[in-house]
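What's counted below: heavy atoms across the whole structure, side chains too, no hydrogens, waters or symmetry copies. These figures come from a predicted structure and were not determined experimentally. Chain letters run A, B, ... following the sequence lines, proteins first and then strands; every chain starts at 1.
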Amino acid sequence: MARADPEVYLRLCADDLADALAREGGPSVPGSEPTASTIEDITRVGAALALVGACSERAVARVLADLVLMLGLRDLPGGSLEPVTDGGDPADAGPGATGAQRHPELVADCRLQCSLGAYDLRVGWLVRTAARSYLHAVARELPGPTAAPRRARTGLAPIDGLVARDDTGNAYRLEWGAHGVDATCTVGELLFLPDLPRDTAWLELCPPGADPVRVHLVPVARVRTGREDSPWVPPAERYLARLASRHGRHDGWAGSAGVPADGDGCEASICDAFVALGLVARDHEAVRILGGERLGATGAGSGHARSAHTPPGAPLVTRALGAELPLEQMGVVLEGATLLGRELSIWVHVASAPSARPRPLGALQPEERPPWLRAHDERGRAYEAVRTRWLTGEGGASGEVTFAPAIDDDVRTLRVVAETPFEAAWAEVGVPGR
Amino acid sequence: MPIAETDVECGGARHTLLWVGGRLVMLEHDEPSGERPRLAFGASWSTCQDLCSAWQRHADDLRFLTLGPRAPDDQIRVGPGALDQLAGRLHQGLSGRPGTGHAPPTLPGRGRPPGRRRSPPLLPAPVGGPGSADDELWQDHLELLRLFALPRPLLDRLVLEVCAAQTGALGRCGDPAEGHAALVAAVVSRVRAVVRAWSTPGGERPEIPLEPEVHLDPTNPGASLVLAGGDDAALRADVGTGWLAGVWARQLALVDGYLVTELLAVEDDWASARALRPPSGPRISTPRTIELARRSGVEGWIVVRR
């Protein structure tokens with residue numbers, strides 16, 4: 001009975017941890033189960049159990065809150081006597097009160113390339129949500145003096161010189177919102193400040209020394225989407241299979257509460273939990289892989305480097321998509337695609353209810369749960385999402401998912417599939433520039 | 001349970017709180033109901049009364065099982081410094097809030113062990129003002145911590161009261177309510193702790209793994225524990241909901257290495273019980289009848305007849 005209830009299981013994990021810490025050793029009780037041995041393990045196991053629907057996120061949050069206080073009462077590492085909240089009931093929060101504010105309502109084609117002093121700016125598309133409007137932009141450093149590029153690299157450089165004016169003559173400045181920074185470029189959202197009025201029909205982006213680019217705020221051509229009718233697999237099995245497929249790879253999903261990356265060391269704990277709770281069979285292939293046999297790095301993702309298929313100076317080509325996938329339990333919009341050399345990336349927006357996330361652990365703040373993405377082209381060749389850049393923000397997250405292997409020159413269309421443990425949906429994505 | 005007492009700093013003097021017959025009594029004050037009229041004339045609410053009121057409010061608070069001690073050697077360490085710090089943040093956060101006129105009780109021997117560091121704060125101080133949700137959360141939390149800061153004999157008695165209230169409700173409730181899983185886990189974890197301690201006398205590794213699969217039957221109000229298995233069979237502990245309050249909370253679960261499975265009779269200083277003797281091999285023995293006597297001057301029992 002004790003093992004049959006996921007919350008009871010998780011609480012017993014927490015008890016074992018407190019006991020082990022009190023003895024100032026590792027998991028100290030001989031032959032004891034469960035094996036989730038650190039706070040992070042328990043957090044990950046809880047997130048996995050919630051993700052596959054075995055228990056509610058609020059129950060997980062309650063357990064974590066109690067764990068922190070339990071450790072605090074014993075003056076043990078990781079504990080606190082501060083009051084913590086379980087984040088409230090997701091049902092109370094509604095389907096993303098804040099998330100809805102950031103959910104893309106409109107994606108418009110907006111292609112612009114200009115030079116702004118020390119860096120080259122490329123804009124691919126414009127996104128409007130209930131709360132804000134932004135351009136998807138890539139700023140790449142130009143060779144030369146270092147002072148200004150460093151500002152660009154931090155993503156904090158003001159977008160001087162680029163002016164936006166709407167159809168009534170109002171001017172807007174542009175500033176970086178959520179963004180990621182590489183060695184040589186900054187990628188992310190350029191926010192319009194103040195926000196564009198709802199009735200804006202068009203606007204002009206005026207780069208220095210070049211003709212203005214007029215952007216009509218109309219949706220791009222509809223992208224075909226549909227639901228994936230894959231053979232039914234229990235969510236826990238699907239989750240573990242997905243985890244096993246990533247085993248041994250560093251593919252940029254680290255930190256996600258959805259799919260932990262290799263090295264988190266929690267795969268075995270998740271396997272133990274799923275087996276103990278009867279969610280998967282003990283002899284399941286994924287359990288064998290994750291629970292015991294350590295595989296080496298598996299081909300596609302390991303050591304994947306952008307430079308492998310991206311010659312220096314390769315042009316960046318963009319395509320606005322604005323494709324909302326017909327998923328029932330997660331709001332997923334494919335904002336656009338970029339092609340750099342032969343490397344295809346998709347920009348994804350995920351909406352969720354932030355208040356439902358487990359909150360008590362400082363280093364394990366609520367995380368958005370990205371869907372799992374894969375793709376295949378018109379010849380049936382499969383592609384895996386091997387690297388992501390995930391920019392979380394309140395009430396939603398945007399991310400760049402890069403596929404491997406590099407796509408061939410004659411590929412025109414990819415069917416991109418986004419899946420959760422419960423469902424999957426696809427979109428036909430035209431390769432930018434082809 | 002025998003009488004337990006503690007001294008607290010109250011209004012500049014040392015006052016005594018006494019737990020007797022299932023109640024917490026203030027020796028230097030009237031009962032809370034008798035004290036109330038004085039408040040209308042500006043008398044300040046005392047530390048003693050604060051604690052007594054908190055005790056009454058939390059006598060069925062599941063959190064004392066969820067968070068509280070699992071075993072006699074499970075140390076709870078809430079120092080007055082930590083309480084002062086939290087209370088200070090509460091007052092700082094509530095602008096314009098009048099002080100409550102007293103500090104948290106000062107308890108002897110409750111200092112933080114040297115060399116330990118606290119985690120950084122997790123939530124900001126409340127800003128919602130008196131009566132706000134923030135305020136209520138913090139007030140309730142501080143009250144909880146003040147009770148956890150009581151000397152262990154008193155805390156054990158509060159846990160006993162909560163055990164009785166909660167496990168009784170567990171037997172009665174039809175549909176699992178919120179907190180059901182927490183309660184089940186609280187019971188199971190204590191049974192596990194007792195069986196582990198019984199199977200590893202002196203904290204040494206057992207010769208055989210004796211981690212039990214604990215089965216709690218919410219419909220069984222009995223105060224008994226049945227341990228079966230051993231050899232190659234999995235160890236299984238079947239426990240009634242009454243065992244926690246009837247045996248464990250009275251500190252009778254493990255006495256001189258004997259695992260008490262059922263109480264046959266109990267008086268103030270003497271008890272008769274069925275118990276498993278300390279394991280000497282992989283096989284679980286049959287419970288035998290033993291007699292126990294309460295230790296003099298300290299908490300706990302000893303076996304006087306095997």
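- Taking a cutoff of 4.0 Å between a charged side-chain nitrogen and a carboxylate oxygen, B:R196 and A:D16 qualify as a salt bridge.
- The contact between B:L144 and chain A is made entirely by side chain atoms (from C-beta outward), counting heavy-atom distances below 4.5 Å.
- By the 4.0 Å N-to-carboxylate-O rule, A:D19 lies too far from B:R70 to be salt-bridged with it.
- Residue B:D140 does not touch chain A at all, counting heavy-atom pairs closer than 4.5 Å.
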Verdict with supporting geometry, B:V188 and A:R11, side chain to side chain contact (heavy atoms under 4.5 Å, CB included): CA-CA 10 Å; B:V188 170; A:R11 285 186 177 278; over 6 Å; no
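- A salt bridge does not link A:D66 to B:R63: none of the charged nitrogens lies less than 4.0 Å from a carboxylate oxygen.
- A:L81 CG to B:L83 CG: the interatomic distance, rounded to the nearest 0.5 Å, is 7.5 Å.
- Side chains of A:R74 and B:D74 form a contact here, defined as non-hydrogen atoms less than 4.5 Å apart.
- Between A:L12 and B:A185, the shortest heavy-atom contact is CD2-O, 3.8 Å.
- To the nearest 0.5 Å, the span separating NE2 on B:H141 from CD on A:E82 amounts to 7.0 Å.
- Applying the ring-ring contact (aromatic ring centres under 6.0 Å, His included) definition to pairs two or more places apart or across chains, those involving residues 60-83 of chain B are B:F64-B:F148.
- Residues A:D5 and B:V184 form no side-chain contact, since every pair of their non-hydrogen atoms from C-beta on lies 4.5 Å or further apart.
- In this structure B:Q75 satisfies the side chain to side chain donor-acceptor pair (under 3.5 Å) test with no other residue, sequence neighbours excluded.
- A pairwise comparison of heavy atoms in A:V8 and B:A181 identifies CG2-O, 3.5 Å as the closest pair.
- B:A193 does not touch chain A: none of its heavy atoms, backbone or side chain, sits under 4.5 Å away.
- Using a 4.5 Å heavy-atom cutoff, the side chains of A:D15 and B:R192 are in contact.
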Side chain to side chain contact (heavy atoms under 4.5 Å, CB included) between B:L145 and A:L73: does it pass, once the steps are laid out? CA-CA 8 Å; B:L145 294 184; A:L73 286 169; 3.8 Å; yes
